[in-house]
Amino acid sequence: MKLSDKTYCKILRTNISVTDMQGTIAYLTENLEVLRGKYICVSNVHTTVLSFRDEEYRKVQNSASMALPDGKPLSIVSRRRGFTDAQRVPGPDLMPKIFEISGEKGYRHYFYGGKKETLKKLKDALKKKYPDLIIAGMYSPPFRSLSEEEDAAVIKKINDAKPDFIWIALGAPKQEKWMYDHRNKVTGVMLGVGAAFDFIAGTVKRAPGWMQEMCLEWLYRILQDPVRLIPRYLGTNLSFLWNVGRESRMIQREQKKKAKNKSKKQMKIAMIGHKRIPSREGGVEVVVENLSVKLTDLGYKVEAYNRSGYHVSGKEYGNSRRKYYKGIRIIIVPTLKNGKLNAIVYSVLATLRALFGRYDVIHYHAEGPCATLFLPKLFGIKVVATIHGLDWQRAKWGNFASRVLKFGEKMAARYADEVIVLSQNVQQYFLDTYGRRTYFIPNGIDRPQIREVQEIREKYGLCKDGYILFLARLVPEKGLHYLIDAYESIKTDKKLVIAGGSSHSYAYMRHIQERAAKNPKIIMTDFVQGRVLEELYSNAYLFVLPSDVEGMALTLLEAMSYGNCCVVSDIRENMEVVEERAVSFKKSNVRDLKEKLWDLLKNPEKVEDYKRQSADFICGKYNWDEVVRQTRELYESVNGK
């Protein structure tokens with residue numbers, strides 16, 4: 001099983017891996033080198049309820065490479081929610097399976113946890129059953145917290161033993177928290193297996209197979225230790241049944257609601273203004289794609305007018321000939337290769353084609369394409385315009401292009417049935433400039449899956465927390481030159497990663513490339529997408545957005561959703577997004593940016609504090625379902641529904 005093949009079922013907000021014993025063994029053995037320093041949770045009803053109740057512990061569970069369904073109820077719930085391949089993978093069964101193949105593969109094992117007498121019996125039992133097993137070391141920690149010096153000595157002892165697998169038996173939630181705190185500090189993959197040491201050593205009897213099959217293992221363990229386990233199991237088991245039942249009913253209601261919406265005759269929508277979807281060429285493309293996909297899922301007929309030609313970062317990134325994408329009809333609009341006239345010709349031709357599409361709403365995106373929205377209004381077609389930012393302020397446009405953009409802005413203000421803006425600053429601008437009331441509907445974000453370092457190590461030599469990330473189009477208004485100036489004035493081992501392609505600012509891009517070529521610590525990746533993009537977001541020490549002009553930066557939302565510490569210029573559009581959950585510096589001020597970067601490089605605890613709060617904050621503040629709900633209400637309003 002490849003790292004990218006992992007799937008999970010969310011149960012009470014915890015990501016429980018969808019797997020079986022064979023798949024888990026394949027995952028561990030095939031990806032062992034990448035998994036070193038990572039950890040695997042072996043989850044059950046008790047840990048899942050603890051995770052549901054405790055946000056910090058939930059982060060520990062969801063940061064694991066896998067959360068194996070040790071308890072059978074977890075695999076049952078997963079199957080009932082559509083993951084038919086989900087099977088139970090108990091820790092006490094996984095250990096022997098790994099031991100059986102260890103002699104041939106030469107795996108080394110370290111055992112951390114349990115009493116000294118338990119470890120002695122465990123060692124004897126293992127040597128008797130697996131004579132070729134390499135036991136690299138064992139350690140029984142004291143029943144108290146270790147000092148920093150003691151912990152450092154333990155880490156050194158473990159790493160000196162050069163283990164491949166580090167088995168942790170401290171009991172939940174202590175063992176999961178221990179693994180989380182020691183991630184990337186030890187050289188083997190950690191697996192928290194709870195009572196497995198006792199089972200294998202023979203100091204505690206495991207429930208017979210028939211009780212395991214009937215989900216009664218908890219009852220057997222209560223009979224062994226009633227005083228300690230009755231409050232624990234009865235409390236968590238009842239809570240699990242109640243909350244999973246409630247969660248399942250909510251899921252069923254949502255599924256019925258979606259099915260009902262699909263059965264209704266829904267509106268037909270045209271999307272005009274983006275370059276092409278699917279694409280990450282800019283924020284407009286990401287918005288149009290997400291909005292179109294979710295509207296299609298709700299039963300709307302959506303047709304997206306893609307521009308012909310290649311992706312702005314090169315034809316290898318494009319896929320311009322497809323006719324359908326996730327149920328969205330793609331209409332290719334021919335246009336010129338000339339960058340200055342490309343958007344104008346596209347807007348005119350797309351609008352003329354859309355006049356005959358029998359649309360309920362034509363939805364224009366960005367100021368430039370809005371220059372032609374008066375045409376469908378002449379034919380009585382309803383029009384909605386989304387202003388993604390005041391594009392005429394951007395430095396890459398010349399006088400002619402800026403006038404066209406300004407004209408498009410005026411057309412939207414004068415003729416659109418409804419105007420959507422992405423920031424309160426732009427909302428106030430339209431009110432002050434045109435006396436036009438607009439709707440503030442910010443972009444959304446979905447909580448992503450965190451990716452471990454793999455491809456970015458192979459391609460760019462990057463490691464977790466080893467770089468500062470800039471990810472945006474390479475255009476002057478994004479302020480990358482400020483960041484390079486500040487970075488080069490600081491002594492740091494961390495690299496600066498510049499990820500993004502150009503967008504009609506080739507002279508500026510050449511200037512950035514020339515500067516980067518002189519500094520081996522500056523890495524330019526060009527345009528990125530897929531796994532590489534996810535890994536860059538997941539493993540950055542800092543994310544920096546030093547822009548002079550923004551609409552609503554989707555890369556900022558994405559960076560925070562991955563749990564990054566973000567550093568942003570203090571323009572209103574950025575501050576509306578981050579509030580107090582990011583570090584800001586004075587716009588265009590290299591000295592202030594340098595001071596903020598240096599402070600964060602010297603104080604990693606500050607960085608960790610921002611990282612802990614950013615994902616929950618941003619995913620709670622912005623979400624695509626709410627964006628779609630508000631957009632649908634506008635569509636229905638302009639059509640009198």
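Quick note: numbers below take in every heavy atom, side chains included, and nothing from hydrogens, waters or symmetry partners.
Salt-bridge check for R36 with D164: passed, with a basic side-chain N closer than 4.0 Å to an acidic carboxylate O. For the pair R629 and E626, the salt-bridge criterion is met [side-chain N within less than 4.0 Å of a carboxylate O]. We find that R307 and E281 are not joined by a salt bridge, their nearest charged nitrogen and carboxylate oxygen being 4.0 Å or further apart. Between D609 and K606 there is no salt bridge, since no side-chain nitrogen of the basic residue lies less than 4.0 Å from a carboxylate oxygen of the acidic one. Taking 4.0 Å as the cut-off between side-chain N and carboxylate O, R58 and D616 do not count as a salt-bridged pair.
Note: F543 and Y537 have tilted aromatic rings, judged against thresholds of 30 and 60 degrees for the angle between ring planes. A parallel orientation is assigned to the rings of W167 and H109, their planes being inclined by less than 30° (bins at 30° and 60°).
A donor and an acceptor atom, one from each side chain of R13 and S51, are nowhere located under 3.5 Å apart. If you check the side chains of Q61 and Y57, you find a donor sitting under 3.5 Å from an acceptor. Judged purely by distance below 3.5 Å, without hydrogens or angles, the side chains of T48 and T14 never pair a donor atom with an acceptor atom. Side-chain polar atoms of S65 and E452 form a donor-acceptor pair below 3.5 angstrom.
Interatomic distance, I523 CD1 to I468 CD1, rounded to the nearest 0.5 Å: 12.0 Å. Once rounded to the nearest 0.5 Å, the distance linking OH of Y562 with CD of Q449 reads 8.5 Å. S279 OG to Q529 CD: the interatomic distance, rounded to the nearest 0.5 Å, is 8.0 Å. The distance from the CZ atom of F527 to the CZ atom of R473 is 11.5 Å, given to the nearest 0.5 Å. Here T386 contributes atom OG1 and H365 contributes atom NE2; the two are 5.0 Å apart, rounded to the nearest 0.5 Å. Here the straight-line distance linking atom OG1 of T7 with atom CZ of F83 works out to 6.5 Å at 0.5 Å rounding.
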Decide side-chain contact (heavy atoms from CB on, under 4.5 Å) for S43 and I16; before the verdict, give the C-alpha distance in whole Å, the side-chain angles of both, and the deciding distance to 0.1 Å. CA-CA 8 Å; S43 303; I16 302 299; 4.0 Å; yes
For a salt bridge (Lys or Arg N to Asp or Glu O under 4.0 Å) check, start with the C-alpha distance between K459 and E535, then their side-chain angles and the critical distance, and finish with the verdict. CA-CA 12 Å; K459 287 189 174 184; E535 287 188 24; over 6 Å; no
Just do the side-chain contact (heavy atoms from CB on, under 4.5 Å) check on M271 and V302 with the steps written out, would you? CA-CA 7 Å; M271 298 288 182; V302 181; 4.0 Å; yes
Intermediate values then yes/no, ring-ring contact (aromatic ring centres under 6.0 Å, His included), H182 and Y39: CA-CA 9 Å; H182 290 78; Y39 65 98; over 10 Å; no
Tell me, with the steps shown, if M552 and L557 meet side-chain contact (heavy atoms from CB on, under 4.5 Å). CA-CA 9 Å; M552 183 184 191; L557 269 64; 3.9 Å; yes
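Residues C619 and S561 approach most closely at SG-CB, 3.9 Å, considering heavy atoms. Between G444 and V627, the shortest heavy-atom contact is N-CG2, 3.7 Å. Taking both residues in full, the closest heavy atoms of Q87 and S75 are given as C-CB, 3.7 Å, listed atom of the first, atom of the second, then distance. The minimum heavy-atom distance linking L542 with V607 is given by the pair CD2-CG2, 4.0 Å. Here the shortest heavy-atom pairing between M179 and M190 reads O-CE, 3.5 Å. K105 and Y107 get closest at one heavy-atom pair: CD-OH, 3.1 Å.
The closest side-chain heavy-atom distance from L94 to I40 is not below 4.5 Å. With a 4.5 Å cut-off on side-chain heavy atoms, L68 and T19 count as touching. No side-chain heavy atom of Y8 sits less than 4.5 Å from a side-chain heavy atom of M66. By the 4.5 Å heavy-atom criterion applied to side chains, C566 and L545 are not counted as neighbours. The shortest side-chain heavy-atom distance between Y460 and K495 does not fall under the 4.5 Å cut-off. Between Y467 and L536, some side-chain heavy-atom pair lies under the 4.5 Å cut-off. Contact of the L471 side chain with the E558 side chain is not registered, since no non-hydrogen atoms from C-beta on lie closer than 4.5 Å. At least one side-chain heavy atom of E550 sits less than 4.5 Å from a side-chain heavy atom of N574.
In this structure, the side chain of D548 does not engage the main chain of G479 through any donor-acceptor pair within 3.5 Å.
Cation-pi geometry between K494 and Y541 is satisfied (NZ or CZ under 6.0 Å from the ring centre, within 45° of the ring normal).
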